[in-house]
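Below, all heavy atoms of this structure are taken into account, side chains as well, without hydrogens, waters or symmetry copies. All of these numbers come straight from a predicted model, not from anything done at the bench.
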Amino acid sequence: SIATQPRWHLPARPHPHCLPPRTMSDDKVVTGPSATSLGVKVNSESQFPALPSRGAIAQHSNGARDKRAPSGPLAMLQAYDSALKRRPLQTKLLTAACVNAASELLSRRFTRSEVGLPSLVRQMVIGVGLTAVVHRWYEEIEKVFASWSNDATGTVVAKTAVQMLVLEPFLASLYVSAKKLLSGERDILAGVRANVAKLTFAAWSVWGPTAIVQYRFVPVDYRNLVNNVVNLFYTIYLIGTTSGKSS
């Protein structure tokens, strides 16, 4: 008998109409490089629940891309969140400088006085210095109350009380001293004595409720941002109260 050679058969390609339907699991998500791979130390993910990752873009198997990048105010929050995670202190200081400049301009507009570059720069410098102090305060007070429950009412009340009795008088004295010093005035001690009590009581009425909200609901990294929003209007009051012309 004649031996026959085996024949090799390639598997038949399925007809396109016979392919199973495509499901959502076939989509793949292509993400940008992580912060760790870029050498950026990030303690946690974004604490804004509505902010997706900047590099997360949905891409289907057919090459189509979903445009899910935020726009408008949400995009601004995302950019701020990214900068805050990379350079927290620098971002807070820059924000404070811009907010204090806006407060100076608004206060001059309300009092119908001329805006000078020295006064504008002076207010920005003071705002940056106070923000650096508050930034450090939030870090240290969380260490002091580390063993306390953050969500407990007693913890929130205790933190607020310590801030009102310790931080606010210090900030009022520092504000008056820095403003007189940068203005070339020498009666710093007399200015502190004349204004610190009034400014401290005013701070309690504004920053007391703000502190309660901050310590209960706002993450540490974003407390300075909330402070800057409130401070935009509170600083107008400070400028008017400590200004020699308005007095």
Say you draw a straight line from [atom1] of [X] to [atom2] of [Y]; how long is it, rounded to the nearest 0.5 Å?
| X | Y | atom1 | atom2 | answer |
| --- | --- | --- | --- | --- |
| R136 | E139 | CZ | CD | 6.0 Å |
| R109 | I236 | CZ | CD1 | 11.5 Å |
| K180 | D187 | NZ | CG | 4.0 Å |
| R87 | L94 | CZ | CG | 11.5 Å |

Just by distance, do the side chain of [X] and the backbone of [Y] share a donor-acceptor pair under 3.5 Å?
| X | Y | answer |
| --- | --- | --- |
| S177 | L174 | no |
| D81 | L77 | no |
| S119 | G116 | yes |
| T155 | W148 | no |

Any non-hydrogen side-chain atom of [X] less than 4.5 Å from a side-chain atom of [Y]?
| X | Y | result |
| --- | --- | --- |
| V133 | F170 | yes |
| N100 | L232 | no |
| T95 | Y80 | yes |
| V162 | W137 | yes |
| N150 | R216 | no |
| Y215 | I141 | yes |

[X] versus [Y], closest heavy-atom pair with distance:
| X | Y | value |
| --- | --- | --- |
| T235 | N231 | OG1-O, 2.7 Å |
| V226 | Q214 | CB-OE1, 3.4 Å |
| V206 | V230 | CG1-CG1, 3.8 Å |
| M164 | P169 | O-CD, 3.3 Å |
| A96 | T131 | CB-OG1, 2.9 Å |
| T200 | A172 | OG1-CB, 3.9 Å |

Are any of the side-chain nitrogens in E104 or R108 under 4.0 Å away from the carboxylate oxygens of its partner? yes
Does the distance from a Lys or Arg side-chain N to an Asp or Glu carboxylate O, for R223 and E142, drop under 4.0 Å? yes
Residue pairs, two or more places apart or on separate chains, that pass ring pair (Phe, Tyr, Trp, His ring centres under 6.0 Å) and touch residues 178-201: F201-W204
Which of these passes side chain to side chain contact (heavy atoms under 4.5 Å, CB included) with [X]: [options]?
| X | options | value |
| --- | --- | --- |
| K179 | N195, I126, I188 | I126 |
| E168 | V166, L171, L165 | L171 |
| Y138 | D221, V218, N227 | N227 |

Heavy atoms from other residues, nucleotides or ligands near OH of Y237 exceed 12 (cutoff 6.0 Å):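 Result for OH/Y237: enclosed.
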Is it the case that one hydrophobic cluster holds both V220 and V156, taking links as side-chain heavy atoms less than 4.5 Å apart, direct or via other members? yes
